[in-house]
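The structure appears below as structure tokens.
Chain letters run A, B, ... following the sequence lines, proteins first, then strands; residues in each count from 1.
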There are 2 protein chains.
Amino acid sequence: MAGIKEIAKITGLSLATVSRVFNDSSLVSPKTKEKVLKAAKDLDYRPNIMAAALRSGKSKIIGVIVPEVNNYFFSGIINGIEKIVSDSGYNIIISQSHELQERENVALNSFLKLHVEGILMSISKETSDFSFIEKIGESKVPIVYFDRVPPLDGTSSVTLNDYMGGFMATKHLLDKNCKNLLHIAGNPRVSIFKERLKGFKDAILKSGRKGILSREIELTAHTKKDLKILKELFKSDPKIDGIFAYGDEIGLHVLNLLKDLDIDVPGKVKLIGFGNADFTKLTQPKISTIDQECSQMGELAAGLLIEKLKEVELKPQNKVLLPKLIKRDSTMIQ
Amino acid sequence: MAGIKEIAKITGLSLATVSRVFNDSSLVSPKTKEKVLKAAKDLDYRPNIMAAALRSGKSKIIGVIVPEVNNYFFSGIINGIEKIVSDSGYNIIISQSHELQERENVALNSFLKLHVEGILMSISKETSDFSFIEKIGESKVPIVYFDRVPPLDGTSSVTLNDYMGGFMATKHLLDKNCKNLLHIAGNPRVSIFKERLKGFKDAILKSGRKGILSREIELTAHTKKDLKILKELFKSDPKIDGIFAYGDEIGLHVLNLLKDLDIDVPGKVKLIGFGNADFTKLTQPKISTIDQECSQMGELAAGLLIEKLKEVELKPQNKVLLPKLIKRDSTMIQ
DNA sequence: GTGAAAGCGCTAACAA
DNA sequence: TTGTTAGCGCTTTCAC
């Protein structure tokens, strides 16, 4: 491995010229450039990013914070980010918050210490204190939020239209002739879950149909206790014939619960989830769901950030993606 | 945000003394130390890791390469690594190979450019050219492999005893009175899959039981074509009563296939997977499997690496973990 | 126990 | 188009 110095010595050029070849090579004659590039190859030149970062003030590192990496949605986003970032010269470093505000702060701090140039982040379910945003603001590190965004103005973000997702899922159940709907809702403090619930309610209202019953139950943790409550609900109310779960995982739990109770899906009850997790294709019946195009979300978020990195004075932008209904067996007409 | 300079100015101390407080604080009087620490807090001091890295030659970064991050096993390993690394002052940066040799090389190269101090890596299924190891060897960056290791001596690694895992899974089927066993095998070029197959064969041999039939079928891709072959096999050979799948995912496919064919699991056929993926608890029936204690594997690998980072002349070490049989409904006696 | 000063490898003015 | 030089923020010898 060699540095810029060795190349300068071998080629008889100055450090500056060699450096220029690897940066703004336009100011260098093609001949010189070629000579340098050849030497670089021969000597196995590897630029010292640390030195460059120190001098230029640019670390070429983008920090990404997701709640959990082992998750179809977030790993899809990461893949999208990788796709955009990889041929831009930036490196990405991923941290998980594990849905904990404290871990989120730790990650943020180590990003600032590492002098990342930009941050991509989806806030944890637990996060209620948004003062960290001020700190980031002071540090001038641009940040783009995706999917789960803070309830504040002036931020850049890429989100899904979760309201629309909830609306579509519910409309689908209504279209399949369900008359007694249940929404299993997530923590309403998380905006996306609140939006899904709103979509659920509106879809029923706007359907204009009479005689539709609906109710919601909030189920934030998927503990045994939670599931028991749900079980009791199913037992006590056998009229329920359409369920919209706020997430695929809880949807899977519901599916299993219904099987335990010998309630046929989709014969007796139709079920739709949210997220298009990979396992929804593998259950029996396959679970209908709402797709979030996670890769695209990652690509857009990364694109937004890189734009901002180039043009400091860029105004905050908010992109909203449209969800897609995925019809599968769990809502099929029998 | 402030640097070492501001602190020196405020406290009236020299840069050197301030620096010492944050490094080998033993050489500094408690009073001075306290003064510096207070100033650091007041000024929101954030060390510039780049500068420190440049000067000391130590980047405080550990690079991690996994095939895929959206995977119960690997994300568990990452959590284990995080646990150990977090309070050691190192930062981790994760790259995915997506099971591609080329991507693996790209990641490795950018790690070397970033001057990571150490590498933790599980090689991709596709990797057959191990010359990259030489390159890493030259760069003197220590590397510890986990789970999927290169077929070479002189490397440090943490692996699972996959042979034992295959043995235990198969023995479990035999204990449940299966007499006509099928092993769905993974790509034999990947050592862990070869070992599982060996365990399968040996368990049958060593059982000493007569009249046990066994066969294997290799199914590396989980394409529709693959599954069709499997389906034909089940149809043509209705005697099969015990299946050991080399992974949980293919196990789930098998489970669904059997349901499609109206073959009862575990009534008619018993099924066991490998990996203890999270969805194995959520299927119906729940799938028996082999647990790999992924978090522990990550912890051990990270521990090994950090030891090596401290003591350059450490000999290569190879730790082998024992798998654990997880009995669930898919192999239950009816 | 503390300070002065050199320099890690590179970039970016400025000069030629 | 190329070279000279200062210095990014920190660590680390060597001196006191």
Identify, with sequence neighbours excluded, every residue that meets salt bridge (Lys or Arg N to Asp or Glu O under 4.0 Å) alongside R20(B).
none
Could you tell me whether the phosphate oxygens of dG3(D), OP1 or OP2, come under 4.0 Å of any side-chain nitrogen or oxygen in S14(A)?
yes
Selected nucleotide, minimal atom distance to I4(A) side chain, candidates dT11(C), dT12(D), dG1(C)
dT11(C)
Got a sec: does the CD of Q317(A) have more than 12 other heavy atoms crowding it under 6.0 Å?
yes
Strictly distance-based, threshold 3.5 Å: is any side-chain N or O of N70(B) a donor or acceptor partner for the main-chain N or O of N71(A)?
yes
Enumerate, atom names and distances included, each donor-acceptor pair closer than 3.5 Å involving a side-chain atom of residues 89-96 of chain A, sequence neighbours excluded.
residue: N91(A); atom: ND2; partner: K60(A); partner atom: O; Å: 3.4
residue: Q96(A); atom: OE1; partner: V69(A); partner atom: N; Å: 3.1
residue: Q96(A); atom: NE2; partner: N79(B); partner atom: OD1; Å: 3.2

With the side chain of V28(A) defined as its heavy atoms from C-beta on, choose the nearest nucleotide among dT11(C), dT2(D), dC8(C).
dT2(D)
Counting only pairs under 3.5 Å, give me each side-chain donor-acceptor contact of residues 295-304 of chain B, with atom names and distances, residues two or more places apart or in other chains.
residue: S295(B); atom: OG; partner: E299(B); partner atom: OE2; Å: 3.1
residue: E299(B); atom: OE2; partner: K83(B); partner atom: NZ; Å: 3.3

Expected list for residues 142-154 of chain A: side-chain donor-acceptor pairs under 3.5 angstrom, two or more places apart:
residue: R148(A); atom: NH1; partner: E99(A); partner atom: OE1; Å: 3.0
residue: R148(A); atom: NH1; partner: I123(A); partner atom: O; Å: 3.0
residue: R148(A); atom: NH2; partner: E99(A); partner atom: OE2; Å: 3.0

Protein-nucleic acid N or O pairs under 3.5 Å, nucleotides 14-16 of chain D:
none

May I ask you to list the residues of residues 30-63 of chain A, by number, that have any heavy atom positioned under 4.0 Å from an atom of DNA chain D?
T32(A), L54(A), R55(A)
Are there over 12 heavy-atom neighbours, none belonging to E307(A), within less than 6.0 Å of that residue's CD?
yes
Are the side chain of Q101(B) and the backbone of S128(B) linked by a donor-acceptor contact shorter than 3.5 Å?
yes
Which part of the nucleic acid, if any, lies within contact of S19(A), taking any heavy atom under 4.0 Å across all strands shown: a base, the sugar-phosphate backbone alone, or nothing?
base
